[in-house]
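Report on the following structure.
Bear in mind the structure is a predicted one, so any value in this text is a computation, not a measurement. Keep in mind that the numbers below use all heavy atoms, side chains included, and drop hydrogens, waters and symmetry copies. Just so you know, residue 1 is the first one in the sequence shown, and it goes up from there.
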Amino acid sequence: MKILHILSASPASTETLAGLRRMLGREDAILLTGDGVYLPVQQPAAFSVPLFALERDVRARGLGAQWPEAVPLIDHPEYVDLCVRYEKSMNWS
């Protein structure tokens, strides 16, 4: 089953990230929202599944200039598309 994991917790929340790693499947993906958008800047190789990030949250935190090209920035309609593409979604905050 393909799951979209929605991560809004800061990368400093090691307990949350450890739980996410335990639940993560090979066909899953992670959507970064809120303080979760700091993850690819602070821990670039943290996960081996596709990452996406809400552009609004990245810009609000001033991370645009240092944002890695490998992590696509998406808007809210694309967020909805991701939720439809994956069978389930799970929030991590």
Side-chain angles (χ1 to χ4, degrees):
M1 176 177 305
K2 294 171 31 172
I3 300 173
L4 176 63
H5 298 270
I6 303 167
L7 178 65
S8 60
S10 164
S13 179
T14 56
E15 192 172 307
T16 300
L17 291 180
L20 172 56
R21 279 188 180 90
R22 281 192 302 274
M23 296 292 297
L24 201 59
R26 290 190 332 238
E27 295 183 352
D28 294 353
I30 299 172
L31 172 60
L32 305 170
T33 66
D35 287 341
V37 299
Y38 288 109
L39 182 69
V41 175
Q42 295 177 356
Q43 300 177 27
F47 294 97
S48 60
V49 298
L51 295 176
F52 303 90
L54 278 180
E55 183 172 14
R56 183 183 77 177
D57 292 344
V58 170
R59 302 283 179 225
R61 285 158 180 80
L63 299 174
Q66 52 192 337
W67 194 254
E69 288 183 27
V71 181
L73 297 175
I74 65 170
D75 58 19
H76 281 281
E78 291 168 310
Y79 182 165
V80 173
D81 289 342
L82 277 177
C83 290
V84 170
R85 188 181 326 160
Y86 289 84
E87 297 169 56
K88 287 181 125 182
S89 62
M90 182 177 283
N91 289 305
W92 299 87
S93 53

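Under the 4.5 Å side-chain heavy-atom criterion for ILVMFWY residues, no single connected hydrophobic cluster contains both Val80 and Leu82. Taking hydrophobic clusters as Ile, Leu, Val, Met, Phe, Trp and Tyr residues chained together by side-chain heavy-atom distances below 4.5 Å, Leu31 does not share a cluster with Val71. Under the 4.5 Å side-chain heavy-atom criterion for Ile, Leu, Val, Met, Phe, Trp and Tyr, Leu7 and Leu24 are members of the same hydrophobic cluster. Hydrophobic clustering (ILVMFWY, side-chain heavy atoms < 4.5 Å, transitive): Ile6 and Ile3 are in distinct clusters. Hydrophobic clustering places Leu32 together with Met90 (ILVMFWY residues linked when any side-chain heavy atoms are closer than 4.5 Å, directly or through intermediates).
Of all heavy-atom pairs between Asp35 and Arg61, the closest is OD1-NE, 3.0 Å. Of all heavy-atom pairs between Gly25 and Asp28, the closest is N-OD2, 2.7 Å. Across every non-hydrogen atom of Ile30 and Leu20, the tightest pair is CD1-CD2, 4.0 Å.
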Show me the side-chain donor-acceptor pairs of residues 41-55 shorter than 3.5 Å, one per line, residues at least two apart or across chains.
unit_1: Glu55; atom_1: OE2; unit_2: Arg59; atom_2: NE; d: 3.4
unit_1: Glu55; atom_1: OE2; unit_2: Arg59; atom_2: NH2; d: 3.3

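Pairs of residues two or more places apart, or lying in two chains, that qualify as side chain to side chain donor-acceptor pair (under 3.5 Å) and include a residue from residues 7-18 are Ser13-Thr16. Identified under the side chain to side chain donor-acceptor pair (under 3.5 Å) test for residues 80-93, with sequence neighbours left out: His5-Trp92.
Enclosure of atom CZ in Arg26 is not indicated, since only 12 or fewer non-hydrogen atoms of other residues, nucleotides or ligands lie within 6.0 angstrom.
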